[in-house]
There are 2 protein chains.
Amino acid sequence: MWRREEDVTKARVTVIDIAKAAGVSKSTVSLVLQGSSLVNEGTRAKVNAVMRELGYVYNRGAANLRQASAKSRIIGVVVNDLTNSFFAELAVGVDMVVQSAGFVQFLSNTSESIDRQREVVASMREHGISGLIVSPARATDAADFKPLVAAGIPVVVVVRNLPGAKVSSVVSDNQAGMMSAVKHLAELGHKRIAFLGGFPDTAVFDDRLAGYRSGIEAAGLDCQQELVISSAPSRAGGVEAIGKAIVLADKPSAAVCFNDAVAFGVCDGLRARRLEPGSDFAVVGFDDVIEAQAAVPALTTVSVDPQGIGRRGAQLLLKQINAGKAEAETVITAVRLVVRESCGARKSVKIETGL
Amino acid sequence: MWRREEDVTKARVTVIDIAKAAGVSKSTVSLVLQGSSLVNEGTRAKVNAVMRELGYVYNRGAANLRQASAKSRIIGVVVNDLTNSFFAELAVGVDMVVQSAGFVQFLSNTSESIDRQREVVASMREHGISGLIVSPARATDAADFKPLVAAGIPVVVVVRNLPGAKVSSVVSDNQAGMMSAVKHLAELGHKRIAFLGGFPDTAVFDDRLAGYRSGIEAAGLDCQQELVISSAPSRAGGVEAIGKAIVLADKPSAAVCFNDAVAFGVCDGLRARRLEPGSDFAVVGFDDVIEAQAAVPALTTVSVDPQGIGRRGAQLLLKQINAGKAEAETVITAVRLVVRESCGARKSVKIETGL
DNA sequence: TGACAGAATTGGAACGTTCCAAATATTTAA
DNA sequence: TTAAATATTTGGAACGTTCCAATTCTGTCA
């Protein structure tokens with residue numbers, strides 16, 4: 001009964017241990033830690049050497065106790081579905097700029113649950129985040145982030161904006177994107193173009209629908225209510241929506257979809273009715289998820305660069321953190337229509353060999 | 001020049017404010033915070049009410065100063081490529097169990113850079129993580145996590161094991177997976193089966209190659225060195241590898257690939273030579289990434305359930321955190337061959353309508 | 001009524017850092 | 001050689017919590 005594991009060095013090494021070993025005061029060590037120019041070069045060198053030797057690890061928790069929350073260098077990131085490559089890319093974009101600014105990222109997944117979201121945000125707050133980037137779960141209350149900003153913690157909303165909330169946001173140009181999709185279909189000769197999928201109670205839906213309407217008008221077509229069919233913004237929702245569209249007395253010959261998932265569902269639904277997407281019915285998506293390119297037929301869609309959104313959002317947040325407190329600001333990132341096969345413009349399969 | 005924003009309540013509300021307002025001592029408030037059974041029901045209720053009223057937010061940093069690092073309830077997660085849906089799924093799996101255990105996840109991306117990895121791990125340590133889950137960057141030194149475990153911080157390595165490091169790990173059954181892939185191809189009548197892609201200096205490569213060899217032997221074929229062609233584990237690597245395989249004097253008719261990315265590259269390379277994957281040459285991948293199903297031809301591959309690995313890893317880690325300190329333990333998760341089209345077993349395209 | 005047990009509460013002293021005002025060492029200028 | 005200026009260093013006192021030992025309440029039992 002003789003325990004070998006009974007380690008001699010149980011306590012962790014602190015700034016005081018360093019001070020003692022280097023023959024200076026703890027204040028000096030602290031100064032070195034902060035890279036202050038007040039300390040003599042020789043002293044700095046010796047202190048650093050001792051730190052390395054004793055294996056010192058900085059205790060940020062203790063430091064944060066003394067400093068403002070803005071200096072914790074933690075930024076919280078909450079997304080609604082990390083499984084979706086769109087959001088994974090977004091998180092990577094955030095991580096890139098956050099990491100190179102010497103911050104570290106707290107990432108959580110809400111799975112579109114508003115309760116989960118509340119929990120993780122509360123938890124992040126307890127941990128003293130310097131700022132928050134959030135792609136809000138559906139039906140998030142605009143006032144939900146009020147306490148955060150009241151406490152001086154900058155918040156940046158990405159992807160889905162939160163009308164009414166006084167926070168910064170970075171969203172893609174949903175309106176212009178949808179408009180260009182409609183324009184493209186009209187140029188291909190389509191006269192009846194449907195808008196399929198999405199939940200009508202979201203800001204993104206409103207924007208995309210508005211873009212659809214502008215596009216229809218710009219093409220000199222008339223905008224008919226029956227051609228707008230909402231559904232869940234998922235593959236299943238797409239199947240459902242095309243099912244309703246196809247039984248209309250005056251059938252559409254093309255559709256712009258709320259997002260790529262819906263577009264894939266629409267393709268499924270078409271094929272279930274022996275119609276080939278692309279040749280028999282034109283479909284265009286939105287988002288340009290990673291699968292869009294490899295699908296058959298390859299999906300024509302509006303590409304939004306989620307990683308760019310992540311980067312922009314993080315930059316905006318860091319700016320606000322450094323500025324102490326900045327105004328709410330909105331940035332809209334550009335999108336671009338990428339024409340593949342599902343709209344019927346190109347027939348042949350092009351193999352894109354990965355580089 | 002009259003600033004309205006000059007808030008009256010600048011200081012944050014602390015446990016002492018609560019104590020004062022509730023007419024008890026800070027110790028009592030602390031007891032309530034910890035859900036101690038020592039405190040009277042009435043007192044607890046009043047304290048809780050006051051907390052809500054004053055908008056108290058717990059300061060975990062301060063608490064951690066007093067308590068062991070094991071109680072910080074932060075667990076660090078580092079992956080090498082979040083863009084890859086495999087790792088995104090893994091992170092989601094971790095998040096699920098970590099979150100429901102009341103922990104919060106620090107997630108970072110190393111982009112396969114060993115320096116980045118060192119940085120983020122150091123940063124996480126400074127923040128006082130209770131444990132670490134890491135999918136190590138290539139060429140990670142087994143001794144790299146030594147200081148962590150010496151400091152009593154449990155580490156679980158996932159996906160890629162680190163032979164020699166005395167840490168727990170959760171990896172998929174690479175050997176059995178590869179073996180079943182080879183067996184399947186052999187049953188389809190293939191006599192010359194190549195092993196394509198992957199870097200030979202990794203543990204995962206060794207495991208998969210070993211599985212390949214066992215499979216070849218089990219099928220009564222002979223194992224020829226020229227049929228093992230390594231390359232970068234990427235799409236480009238796959239193109240390169242099949243390029244070398246196809247010029248062999250005695251050509252293979254099928255290949256198992258190091259992973260799905262390589263398999264896609266192999267398909268690209270075949271087509272560039274007017275060979276159709278599936279009918280002219282059988283290819284099977286490994287991982288079952290999300291694109292495998294939607295590709296043309298749909299990829300036959302070994303499915304590994306990254307989310308499951310994430311969950312298992314998190315469970316293992318939490319167990320060790322709670323136990324104070326547990327032995328290093330290795331768990332190997334099961335894999336399963338999913339037969340699609342690229343191996344030539346099934347010719348027809350099946351539309352899988354999303355549910 | 002007093003003594004005692006148990007329940008509930010409480011005042012410090014940590015924890016590891018930063019910050020401030022003040023002290024000391026070193027140069028420079030006269 | 002000395003005063004002034006500059007460069008460097010330094011003790012406390014925070015920060016917001018937890019923990020310990022000690023205290024004050026309740027009843028309860030003799």
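Below, read A as the first sequence line, B as the second, and so on, with proteins coming before strands; counting in each chain starts at 1. Atom set for the values below is all heavy atoms of this structure, side chains included, hydrogens, waters and symmetry mates excluded.
Closest approach of Val167(A) to Val155(A), counting heavy atoms only: CB-O, 3.8 Å. Leu316(A) and Val170(A) get closest at one heavy-atom pair: CD2-CG2, 4.0 Å. Residues Asp17(B) and Arg12(B) come closest through the heavy atom pair OD2-O, 3.7 Å. Residues Ser25(B) and Ala19(B) approach most closely at C-CB, 3.6 Å, considering heavy atoms. Taking all atoms of both residues into account, the shortest heavy-atom contact from Glu327(A) to Ser168(A) is O-OG, 3.8 Å.
Within residues 18-27 of chain A, the residues that have a heavy atom under 4.0 Å from DNA chain D are, in order of number, Val24(A), Ser25(A), Lys26(A), Ser27(A).
Leu38(A) has its CG atom 14 Å from the C1' atom of dA21(C), to the nearest Å. For the pair Asn40(B) CG and dG6(C) P, the interatomic distance rounds to 18 Å; values are reported in whole Å.
Regarding contacts with the backbone of dA8(C), every side-chain N or O of Thr28(B) stays at 4.0 angstrom or more from both OP1 and OP2.
Counting only heavy atoms from C-beta outward, the side chains of Val121(A) and Leu148(A) approach each other to under 4.5 Å.
Partner of Val94(B) under the side-chain contact (heavy atoms from CB on, under 4.5 Å) criterion, chosen from Leu107(B), Val79(B), Val158(B), Ile133(B): Ile133(B). The one candidate from Ser111(A), Ser135(A), Ser113(A) that meets the side-chain hydrogen bond (donor to acceptor under 3.5 Å, both in side chains) condition with Asn80(A) is Ser135(A).
Salt-bridge check for Arg312(A) with Glu329(A): failed, with every basic side-chain N at 4.0 Å or more from each acidic carboxylate O.
Inspection of the Ser30(B) and Gln34(B) side chains reveals an N or O donor paired with an N or O acceptor under 3.5 Å.
Rotation axes derived from the C1' atoms of the five outermost pairs at either end of the helix from dT1(C)-dA30(D) to dA30(C)-dT1(D) lie 50° apart, to the nearest 10°.
Chain B approaches DNA chain D over the interval dG16(D) to dC19(D), counting the first and last nucleotide 5' to 3' with an atom under 4.0 Å from its heavy atoms.
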